[in-house]
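Have a look at the structure below before the remarks.
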Amino acid sequence: MIKDKINRKNSKMILFFIIFLVIAFLMWCAPLCSDDYNFLGLRMKTNSEFIHYALYYGNGRFLGNLGIIYLVKIKWLGVIIRALGITSICILVPYVLGCNDIKTYILSTILVIGVPAALFSEVYTWASGFQNYIPPIWITLIILCLIQYSDQERQEKNIFEIFMIIIVFVLGVSSQLYVEHSTLVNNFISISVMLYLIKKRRNFSKILAIDWEIANIIGTILMVMIPKIFYTEESLVRGYRKINNNGAVDLINSCKMNGLVIAGKMHENFGVFIALAIISLTLLIIFRNKLEKKKNIILVCMYIIPIVYIEFNNLYLSKIVIYGHLNAFKLLLDVVALLLIAAATVMMMYNLGMKRELYLTIYLIVVTFFAVAPLFIVSLVPRRTLYESYISLVGIVLVNFEYLISRLTTNINKKISAILSIAMFSLAVFLSVIFVDIHKMDNERTRNIQNQLKDYEKVVRIRKIPNNYAYWDGVWMFRRYYYNKNYGDIPIEEIK
């Protein structure tokens with residue numbers, strides 16, 4: 001028994017190390033994107049100058065703005081931090097949810113790394129995107145792990161408890177200084193965990209949860225106050241994202257238009273919905289005797305119909321421009337498709353008596369709602385803002401998967417393990433080939449720019465890397481970079 005536990009632990013450690021190495025290689029190949037060039041081209045050299053720049057950037061994302069400077073200026077550090085952050089999410093999501101099987105960790109890795117290409121480019125490839133959207137999730141997962149670990153018996157308890165309180169407080173404040181909607185999600189999670197632990201009357205973990213919420217409140221105040229205290233007319237992102245609050249009509253229109261955008265981008269996460277449907281349908285087949293035939297058919301239809309619609313939407317409807325009442329009708333269909341999948345999952349768990357899994361799934365659905373809700377009333381909703389909700393959906397899949405494999409025979413589990421291992425290896429090879437190609441194109445583009453500058457071309461022409469895994473939002477980033485590098489205000493155009 002002890003030997004088996006050691007072997008399982010060693011297997012997980014080997015898996016985590018392999019994941020880290022693969023992601024580190026991808027991040028080393030990843031090109032600079034968008035305002036990564038702006039941060040790279042900064043002429044400041046001292047830490048105090050970096051801090052001053054981050055404070056006066058124009059938003060409350062102090063640690064996001066500060067951290068990205070180091071990530072792009074010190075490449076090896078950026079590679080390690082990004083690889084560590086992404087690997088940690090692959091590992092900590094199933095760990096926090098109480099999943100222990102190595103197959104669940106492999107599936108978690110496939111889903112976290114196998115995000116749609118456009119989302120991958122915004123939160124992994126693009127260093128600035130990573131720095132704002134990954135750390136708050138990473139830190140929250142670490143705090144949850146610390147709270148779970150805190151009630152174990154140990155010697156020198158007082159010293160340990162003081163140390164844990166300080167660590168959780170520092171992490172809690174830090175997690176609020178990256179991106180606005182994550183600040184709201186973190187408050188919801190910390191409040192819900194605090195109330196749960198107070199109700200359960202757990203000892204030290206209850207104190208840590210209260211400590212976490214106090215830290216979150218302080219961090220939230222800092223997020224709001226930093227752009228007000230350190231305000232300047234020259235702030236780089238002044239007005240970049242604002243709340244649409246010009247009356248009730250403006251708010252309703254914002255909710256409607258943003259709702260279409262959010263639902264459409266949620267539908268792009270087709271792999272998660274497919275994984276959830278396969279797992280749930282397998283559970284319905286295995287436990288079909290527990291349900292009435294009519295109820296079983298209804299649940300199957302509640303999965304298949306929305307998934308067929310989502311794929312149809314991704315392939316065709318999303319490419320059609322729709323106006324007026326048809327727009328509102330499509331929004332209704334988009335939302336209903338997502339709600340049907342959520343309802344089918346909850347109903348299935350309830351009918352199969354999956355009590356623990358049911359509570360976790362409902363909680364993760366609520367977290368998804370809190371992650372998405374603020375986006376309905378803001379002026380910009382890029383894909384990266386939905387990453388947190390994507391991770392919540394991954395959590396729902398993992399909870400169901402862990403339950404499924406615990407009910408299967410050893411032989412079937414071995415086959416599932418082999419399939420998942422092949423899938424993870426294939427994904428690693430696929431992404432490695434893509435990023436080696438991207439790396440080559442990026443180097444070629446850089447050489448081409450340098451040659452044009454040496455030849456004193458009147459207009460520098462730049463080609464976009466033709467791959468969705470490389471984030472692109474225009475040539476403005478190159479203009480600012482080369483301006484900061486003392487090349488002057490040179491005209492730069494994109495080669496179409």
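You'll find the ring centres of Tyr105 and Phe16 inside the 6.0 Å limit. Under the 6.0 Å cut-off for aromatic ring centres, Phe50 and Phe39 do not qualify, their centroids lying 6.0 Å or more apart.
Between Lys440 and Asp437, none of the side-chain N atoms (NZ, or NE/NH1/NH2) sits under 4.0 Å from a carboxylate O, so this pair counts as no salt bridge.
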Side chain to side chain contact (heavy atoms under 4.5 Å, CB included) between Ile405 and Glu402, worked out: CA-CA 5 Å; Ile405 58 178; Glu402 182 85 2; 4.2 Å; yes
Side chain to side chain contact (heavy atoms under 4.5 Å, CB included) assessment of Val367 paired with Phe188: CA-CA 8 Å; Val367 170; Phe188 167 74; 3.7 Å; yes
Working for side chain to side chain contact (heavy atoms under 4.5 Å, CB included), residues Phe401 and Leu420: CA-CA 12 Å; Phe401 180 73; Leu420 288 173; 3.7 Å; yes
Trp212 and Leu144: CA distance, side-chain angles, deciding distance, side chain to side chain contact (heavy atoms under 4.5 Å, CB included) verdict: CA-CA 10 Å; Trp212 182 20; Leu144 289 170; 3.8 Å; yes
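Contact record, Ser421 with Ile106: OG-CD1, 4.0 Å, taken as the closest heavy-atom pair. Asn132 and Gly64 get closest at one heavy-atom pair: OD1-CA, 3.3 Å. When every heavy atom of Tyr387 is checked against every heavy atom of Val112, the shortest pair comes out as OH-CG1, 4.0 Å. Across every non-hydrogen atom of Pro306 and Ala337, the tightest pair is CB-O, 3.3 Å. Between Gly219 and Gln176, the shortest heavy-atom distance links the atoms C-CB, 3.4 Å. Nearest heavy atom pair, residue Met349 against residue Leu358, reads SD-CA, 3.6 Å.
Put simply, the residue from Leu146, Asp211, Leu208 that forms a side-chain contact (heavy atoms from CB on, under 4.5 Å) with Ile167 is Leu146. Of the residues listed (Leu119, Leu26, Ile23, Val115), the one engaging Tyr124 in a side-chain contact (heavy atoms from CB on, under 4.5 Å) is Val115, and it is the only one. Paired with Arg384 under the rule side-chain contact (heavy atoms from CB on, under 4.5 Å), one option of Val123, Ile134, Val179 passes, and it is Val123.
Between the Asp442 side chain and the Ile438 main chain, no donor and acceptor come within less than 3.5 Å of each other. A distance-only check finds a donor-acceptor pair linking the side chain of Ser108 to the backbone of Cys90 [under 3.5 Å]. A donor-acceptor pair under 3.5 Å is absent between the side-chain atoms of Gln131 and the main chain of Asn65, judged by distance alone. A donor-acceptor pair is defined here as one N or O able to donate and one able to accept, closer than 3.5 Å; such a pair exists between the side chain of Tyr390 and the backbone of Leu111.
Between the CD1 atom of Ile143 and the CH2 atom of Trp138 there is a distance of 13.0 Å, given to the nearest 0.5 Å. Summarising the geometry, atom CD belonging to Glu388 is positioned 4.5 Å from atom CD1 belonging to Ile137; distances are rounded to the nearest 0.5 Å. Taking OG from Ser121 and CG from Asn468, the interatomic distance works out to 7.0 Å, rounded to the nearest 0.5 Å. Atom CG of Leu393 is separated from atom CG of Asn269 by 6.5 Å, given to the nearest 0.5 angstrom. A distance of 8.5 Å separates CZ in Phe312 from OH in Tyr309, rounded to the nearest 0.5 Å. Taking CE of Met441 as the reference point, atom NZ of Lys464 lies at 11.0 Å (rounded to 0.5 Å).
By the 4.5 Å heavy-atom criterion applied to side chains, Leu63 and Pro135 are not counted as neighbours. For the pair Ile74/Trp76, a side-chain contact is recorded, criterion being any heavy-atom separation below 4.5 Å from C-beta on. Residues Trp472 and Ile465 fail the side-chain proximity criterion, which asks for heavy atoms closer than 4.5 Å. Residues Thr87 and Phe17 form no side-chain contact, since every pair of their non-hydrogen atoms from C-beta on lies 4.5 Å or further apart. For the pair His439/Val436, no side-chain contact is recorded, criterion being any heavy-atom separation below 4.5 Å from C-beta on. A heavy-atom distance below 4.5 Å is found between the side chains of Asn400 and Met354. Residues Ile86 and Met27 form a side-chain contact, since some pair of their non-hydrogen atoms from C-beta on lies under 4.5 Å apart. Contact annotation: the side chain of Phe130 never approaches that of Glu122 to less than 4.5 Å [non-hydrogen atoms, C-beta and beyond].
Tyr471 pairs by the ring pair (Phe, Tyr, Trp, His ring centres under 6.0 Å) definition with Trp126, not counting sequence neighbours.
Judged as a side-chain hydrogen bond (donor to acceptor under 3.5 Å, both in side chains), the pairs with a partner in residues 273-285 (not counting sequence neighbours) are, in order, Ser280-Tyr303. Within the structure, salt bridge (charged side-chain N to carboxylate O under 4.0 Å, His left out) pairs that include any residue of residues 85-106 comprise Asp101-Lys103 (at least two apart or interchain).
In this structure, Phe120 and Tyr469 have perpendicular ring planes: the angle between them is above 60°, well past the 30° mark.
With 3.5 Å as the limit, one finds a donor-acceptor pair spanning the side chains of Asn187 and Thr220.
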